[in-house]
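Whatever order the structure lists them in is the order used to number ligands and atoms, beginning at 1.
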Amino acid sequence: MKKDLLTISDISREDIEGIFNHAKFLKEKFRAGETYHPLKGKTLGMIFKKASTRTRISFESGMYQLGGHALFLGAKDLQMDRGESIADTAKIFSLYLDGIVVRTFSQDEVEDLASNASIPVINGLTDQHHPCQILCDMFTIMEKFGRLKGVKVAYMGDGNNIANSWLDGASKMGMNLSISTPPDYKPNSEIVKRAVAVAQKNGGKIELTDNPFEGVRDADIIYTDVWTSMGQEDEYDKRLKDFKGFQVNTNLVGAAKKDCLIMHCLPAHRGEEISADVIDGEKSIVFEEAGNRLHVQKAILEMLMGGDIGHR
Ligand code: CP
Ligand code: NVA
């Protein structure tokens with residue numbers, strides 16, 4: 001049975017631990033310059049309907065490093081843009097390829113693609129979720145803290161795709177997560193409900209607040225994302241006003257734990273969601289975090305396209 005990664009709730013805690021162990025192994029191999037080609041002869045199709053720097057490049061180079069090949073498919077270049085159905089596209093892709101990464105707007109589209117494809121589908125970001133990013137972020141936190149359980153992440157800003165995937169990820173791994181948003185920008189209520197229940201089972205805690213200073217209390221990590229996501233460009237001016245007070249700056253960082261670390265999925269807008277001195281300061285681990293996209297996604301590719309990675 002093929003497996004997809006459409007949201008973090010699609011995969012088990014054991015899968016996540018397997019991905020982390022394998023990502024560590026792959027990172028060591030990469031650093032040592034050793035060749036490792038478990039996906040020799042395999043091809044990944046990558047459909048992108050939105051811009052990308054990290055996701056596209058890390059999947060494309062990751063696939064090459066694993067001995068396979070990646071095809072970048074700008075949505076405008078496919079017949080899908082001229083009305084070919086998602087179902088037909090999925091069936092055709094399944095005849096030629098071994099896996100699909102898709103970045104698009106609606107989560108329904110990704111689900112439609114996955115249910116009509118006989119090959120694994122990986123969500124490379126939708127308006128609702130960004131599972132690969134949060135798996136990478138949790139791996140980065142594991143590297144820093146040696147554990148996830150009990151580590152507190154304070155997410156700051158928009159209750160968007162990143163916040164939703166944080167809810168899925170943190171609850172599954174028994175982390176403590178606070179999400180600080182303005183009242184009109186809360187994360188998806190169904191996902192919050194699901195996360196609260198899962199967190200309770202796993203000994204973690206989920207809190208929502210509209211007070212950033214309350215959100216960062218006792219935080220080990222402060223995490224933020226852009227205030228205006230891809231596709232929301234028309235709301236830019238309104239969002240600048242609505243998110244005033246949610247900027248991650250030295251004042252807010254001072255209210256968290258003394259040795260807290262700063263994360264951001266990137267791209268960043270210095271002076272908006274985060275001040276330049278904080279993102280470029282000594283607590284920031286944003287570039288280590290971005291670097292880990294490569295290793296974690298390679299582990300995901302190998303798990304979904306190459307078989308069992310659980311032995312590592
Ligand atoms: N964080 C992230 O997904 O970056 P890109 O949009 O550049 O892929
Ligand atoms: N929330 C952002 C994440 C970018 C990686 C967006 O959707 O544009």
Side-chain angles (χ1 to χ4, degrees), residues 5-8 23 44 46-63 70 72-75 100-110 122-141 153 155-169 179-182 184-188 191 221-236 238-240 242-243 246-248 262-270 272-274 279 284-298 300-301:
L5 175 57
L6 310 187
T7 73
I8 293 184
L44 176 74
M46 307 197 308
I47 306 171
F48 277 75
K49 290 198 181 178
K50 289 176 174 173
S52 171
T53 296
R54 281 144 290 270
T55 308
R56 174 189 174 173
I57 298 174
S58 52
F59 267 118
E60 194 163 333
S61 54
M63 196 59 197
F72 177 76
L73 305 160
I100 304 171
V101 169
V102 55
R103 169 169 286 200
T104 188
F105 294 86
S106 113
Q107 185 74 13
D108 290 349
E109 206 175 312
V110 174
I122 300 171
N123 179 355
L125 179 145
T126 59
D127 291 345
Q128 289 81 25
H129 292 275
H130 196 1
C132 297
Q133 176 70 51
I134 275 44
L135 287 172
C136 154
D137 297 334
M138 293 196 297
F139 174 74
T140 308
I141 294 171
V153 173
Y155 175 91
M156 208 48 58
D158 189 15
N160 58 11
N161 41 15
I162 297 289
N164 290 334
S165 287
W166 256 122
L167 282 162
D168 280 342
I179 299 207
S180 305
T181 66
D184 291 343
Y185 294 90
K186 289 197 185 117
N188 180 291
I191 299 173
I221 306 279
I222 303 181
Y223 192 111
T224 192
D225 181 23
V226 292
W227 289 341
T228 302
S229 285
M230 291 181 275
Q232 299 171 334
E233 289 75 9
D234 291 351
E235 299 171 26
Y236 178 78
K238 175 173 166 33
R239 285 171 170 267
L240 267 190
D242 291 350
F243 285 97
F246 286 81
Q247 186 188 70
V248 178
I262 307 301
M263 297 179 78
H264 189 312
C265 55
L266 304 179
H269 292 87
R270 287 170 175 75
E272 292 181 22
E273 76 277 2
I274 193 159
I279 192 167
S284 170
I285 54 168
V286 300
F287 292 105
E288 280 177 71
E289 176 188 2
N292 280 335
R293 295 291 301 279
L294 176 68
H295 314 299
V296 173
Q297 283 162 197
K298 280 166 74 177
I300 294 169
L301 288 170

May I ask you to identify, for Asp127, whether its side chain, its backbone, both or neither come under 4.0 Å of ligand 2 on a heavy-atom basis?
-> neither
Can you sort out which atoms of ligand 1 are near Thr53, meaning under 4.0 Å from one of its heavy atoms?
-> 5 (P), 7 (O), 8 (O)
May I ask you to test the Phe139-Arg293 pair for a side-chain heavy-atom distance under 4.5 Å?
-> no
When distances are taken from atom 2 (C) of ligand 1, the protein heavy atom at minimum range is Arg293 NH1, 3.3 Å
Closest protein heavy atom to atom 4 (O) of ligand 1, given as residue, atom name and distance to 0.1 Å = Arg54 NE, 2.8 Å
Going by the order shown, which atoms of ligand 1 are within less than 4.0 Å of some heavy atom of Arg103?
-> 3 (O), 5 (P), 6 (O), 8 (O)
Can you find an N or O of Ser229 that's nearer than 3.5 Å to an N or O of ligand 2?
-> yes
Please check if any side-chain donor atom of Glu273 sits under 3.5 Å from a side-chain acceptor atom of Thr224, or the reverse.
-> no
Chi angles and distances behind the side-chain contact (heavy atoms from CB on, under 4.5 Å) call for Phe59, Arg103 | CA-CA 12 Å; Phe59 267 118; Arg103 169 169 286 200; over 6 Å; no
Counting heavy atoms under 4.0 Å, the part of Leu266 that contacts ligand 1 is backbone
Does any N/O atom on His130 come nearer than 3.5 Å to any N/O atom on ligand 2?
-> no
Identity and distance of the protein heavy atom lying nearest atom 7 (O) of ligand 2 = Asn161 ND2, 2.9 Å
Do the side chains of Leu301 and Leu44 get nearer than 4.5 Å, heavy atoms only?
-> yes
Taking only heavy atoms of Asn160 into account, list the atoms of ligand 2 that are under 4.0 Å away from them.
-> 1 (N)
Is it the case that Asn292 and Glu288 place a side-chain donor and acceptor less than 3.5 Å from each other?
-> no
Short side-chain donor-acceptor distance under 3.5 Å, Thr126 and Gln107 = yes
Residue Leu125 vicinity, atoms of ligand 2 by number, heavy atom under 4.0 Å | 3 (C), 4 (C), 5 (C), 7 (O)
Quick one: do Thr228 and Glu272 satisfy side-chain contact (heavy atoms from CB on, under 4.5 Å)? Show the steps, please.
-> CA-CA 10 Å; Thr228 302; Glu272 292 181 22; 5.6 Å; no
Nearest protein heavy atom to atom 8 (O) of ligand 2, by residue and atom, and its distance?
-> Met230 N, 2.8 Å
Residue part near ligand 1, for Glu289, under 4.0 Å between non-hydrogen atoms | neither
Validation row: Ile191, Asp168 side chains within 4.5 angstrom (heavy atoms) | yes
Any heavy atom of Asp158 under 4.0 Å from ligand 2? The part involved is neither
Should Ile274 and Ile222 be marked as a side-chain contact (heavy atoms from CB on, under 4.5 Å) after you check the CA-CA gap, both sets of side-chain angles, and the distance that decides it?
-> CA-CA 11 Å; Ile274 193 159; Ile222 303 181; over 6 Å; no
Ligand 1 atoms in contact with His130 (distance to a heavy atom under 4.0 Å) | 2 (C), 3 (O)
Under 4.0 Å from any heavy atom of Cys265, which atoms of ligand 1 are there?
-> 1 (N)
Evaluate the criterion side-chain contact (heavy atoms from CB on, under 4.5 Å) for residue pair Ile162 and Asn160; output intermediate values, then yes/no.
-> CA-CA 5 Å; Ile162 297 289; Asn160 58 11; 3.5 Å; yes
Is there a nitrogen or oxygen of Thr55 sitting under 3.5 Å from a nitrogen or oxygen of ligand 1?
-> yes
Check the pair Phe246, Tyr185 against ring-ring contact (aromatic ring centres under 6.0 Å, His included), reporting the backbone distance first and the verdict last.
-> CA-CA 12 Å; Phe246 286 81; Tyr185 294 90; 8.9 Å; no
4.0 Å heavy-atom contact, Leu266 with ligand 2 = yes
